[in-house]
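Right, one structure below, let's go through it.
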Amino acid sequence: MIIHECGAKVSEKASFCYNCGHPITKMSPLLEMIQEHPAPKEQEANLAQVPGNIIDELGMVVGEKKKDYYLQQWSKETVGQTWNWSAFFGGLIWLSYRKMYVPFAAFFALLVIIELILAFNRMNLFIAYLIIGFIMHSFMGFMGNRLYHFHVRRTIKKIKKIEASSSAITKAMKEIGGTSWGGIGISTLAFLLNGIIITLVVSLFSYLDRQTTKMEHQLTMEVLADSESHQKALAERKEKRDKEKILQDVIDVIRKNTESYQSEDLEGYMSTIYNDGFSKNSDYHKKMVRTEKTFKTFDFVYQVNDIEFVYIHPNVVQVKLNESRFKLNGPEFENQVITRLHTLKKQEGKWKIARSKIVDMFYIDKPAEF
């Protein structure tokens with residue numbers, strides 16, 4: 001700001017002149033521009049009609065059509081609080097129309113950055129556009145006159161630094177100033193390209209999200225499959241161990257049953273038989289009496305030729321047993337080869353022979369080794 005009384009240049013925020021002490025009152029932006037670019041003293045009488053004064057310079061930069069509007073807005077001390085409907089409705093495109101390409105590029109770049117951030121965070125761009133658009137258009141409506149005022153002042157200063165003659169300054173102001181329909185076209189094209197790019201980016205992110213979800217689903221299914229396979233393998237190993245234990249326990253019972261019968265150990269033999277009761281009518285009691293009588297009457301050589309497991313269950317096992325019985329001493333008796341089907345059940349945690357059925361039998365002579 002230039003002090004009229006002494007010609008000193010002071011800060012716009014100063015309240016008095018440091019050179020002459022003259023108090024400083026707040027001026028409108030238009031008066032500040034006139035002070036920064038004073039007309040010659042012989043032309044001060046009629047500023048509006050002198051080609052070299054700041055009023056005409058503003059008119060050449062702004063354009064004759066809107067010159068009066070902006071001069072009126074800039075003549076107010078509260079220019080930063082005035083409203084510009086063209087800027088509000090035009091938004092960033094209005095900046096290009098008024099040849100404010102640098103502010104347009106800055107705001108457009110900011111808009112693109114915000115869009116990319118929103119797209120990256122998978123936010124709803126439609127709602128975001130409504131909010132951002134309202135904020136940006138409101139900002140342009142409220143600050144449009146101030147931004148354009150700053151642009152015009154900067155343009156005039158730049159031209160006067162480059163050009164020396166009055167005619168060259170006038171020509172440059174008319175060329176650089178005014179409006180640009182080409183700027184509208186370029187800015188519109190920029191928004192269209194931005195929309196296409198953002199749509200592609202959103203589509204890409206959506207595709208990546210779908211692929212990620214698909215991969216996560218596949219991974220989850222693989223983990224579940226691995227887990228199921230692991231559990232199945234564990235179950236199969238347990239089943240195999242349990243089956244092997246059943247087989248071994250049943251074989252031990254058959255062996256004890258055979259050895260006890262061969263050694264005529266009644267107690268040992270009956271410990272392998274399922275006990276359905278101690279009454280005289282019970283199968284257990286009848287078998288004990290019958291076996292005891294056999295032991296007293298005969299001496300046998302008893303051997304098991306083959307064992308075949310027919311049915312295996314944790315609670316019931318069926319075994320086909322091929323056995324030979326040869327008489328050593330006792331009354332008349334024909335040597336036998338018998339195929340029996342033993343059904344074993346658990347009693348008090350131990351396998352016992354519950355039923356025994358002869359499925360085949362034939363008589364043979366005494367073998368040579370006997």
Side-chain angles (χ1 to χ4, degrees), residues 1-4 6-14 24 26-80 82 84 86-87 90-109 140 143-187 190:
M1 180 184 298
I2 299 174
I3 303 301
H4 183 71
C6 66
K9 191 172 182 179
V10 298
S11 172
E12 294 182 359
K13 296 180 180 180
I24 298 173
K26 186 172 179 61
M27 293 185 292
S28 68
L30 180 59
L31 292 178
E32 291 177 5
M33 293 175 67
I34 293 174
Q35 279 205 345
E36 290 179 358
H37 307 280
K41 290 185 179 180
E42 63 272 14
Q43 297 175 350
E44 288 180 356
N46 192 352
L47 292 176
Q49 297 178 1
V50 180
N53 67 54
I54 189 61
I55 302 297
D56 287 337
E57 292 173 354
L58 290 172
M60 285 184 286
V61 175
V62 173
E64 292 297 327
K65 187 176 180 180
K66 285 291 184 177
K67 180 183 73 172
D68 293 339
Y69 168 79
Y70 284 107
L71 291 179
Q72 181 183 3
Q73 297 298 320
W74 295 340
S75 65
K76 301 176 182 178
E77 294 184 1
T78 57
V79 66
T82 58
N84 188 321
S86 297
L92 297 186
I93 295 179
W94 176 81
L95 293 175
S96 294
Y97 175 67
R98 282 291 164 184
K99 296 185 177 181
M100 291 185 279
Y101 302 121
V102 173
F104 169 80
F107 283 114
F108 187 79
M140 295 305 302
M143 293 297 294
N145 290 330
R146 173 63 72 179
L147 289 173
Y148 193 41
H149 169 253
F150 175 80
H151 168 72
V152 170
R153 290 177 63 179
R154 186 171 175 272
T155 301
I156 292 174
K157 286 182 180 181
K158 184 177 180 180
I159 292 173
K160 286 189 173 182
K161 284 182 179 180
I162 298 174
E163 306 293 345
S165 64
S166 176
S167 59
I169 291 174
T170 301
K171 182 179 178 182
M173 287 184 179
K174 288 183 178 181
E175 291 178 353
I176 297 176
T179 58
S180 172
W181 288 101
I184 292 179
I186 293 173
S187 58

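All values below were derived from every heavy atom in this structure, side-chain atoms included, with hydrogens, water molecules and symmetry-related copies excluded.
Between V62 and R98 the shortest heavy-atom distance is O-NH1, 2.9 Å. Shortest non-hydrogen contact noted between W94 and M100 is CZ3-CE, 3.4 Å.
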Stepwise, does the side-chain contact (heavy atoms from CB on, under 4.5 Å) test hold for L95 with Y148? CA-CA 8 Å; L95 293 175; Y148 193 41; over 6 Å; no
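Note that CZ of R153 and CG of L58 are 10.0 Å apart. Values are rounded to the nearest 0.5 Å. A distance of 10.0 Å separates NZ in K171 from OG in S165, rounded to the nearest 0.5 Å. The distance from atom CG of L147 to atom CG of N84, rounded to the nearest 0.5 Å, is 10.0 Å. Taking NE2 of H149 as the start and CE of M143 as the end, the distance is 12.0 Å to the nearest 0.5 Å.
Both cation-pi conditions hold for K66 and Y69: the charged atom is under 6.0 angstrom from the six-membered ring centre and inside a 45 degree cone around its axis.
Residue I169 forms a side-chain contact (heavy atoms from CB on, under 4.5 Å) with just one option from I162, I159, I156, and that option is I159.
Using the six-membered ring where Trp is involved, F104 and F108 have ring planes that are parallel, under 30° apart on the 30 and 60° scheme.
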Result block: side-chain N/O donor-acceptor pairs under 3.5 angstrom for residues 174-187, not counting sequence neighbours:
residue	atom	partner	partner atom	Å
S180	OG	Y101	OH	3.4
S180	OG	G182	N	3.4
S180	OG	G183	N	2.8
S187	OG	G183	O	2.9
S187	OG	I184	O	2.9

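Panel note: side chain W74, backbone N145; a donor-acceptor pair is recorded below 3.5 Å.
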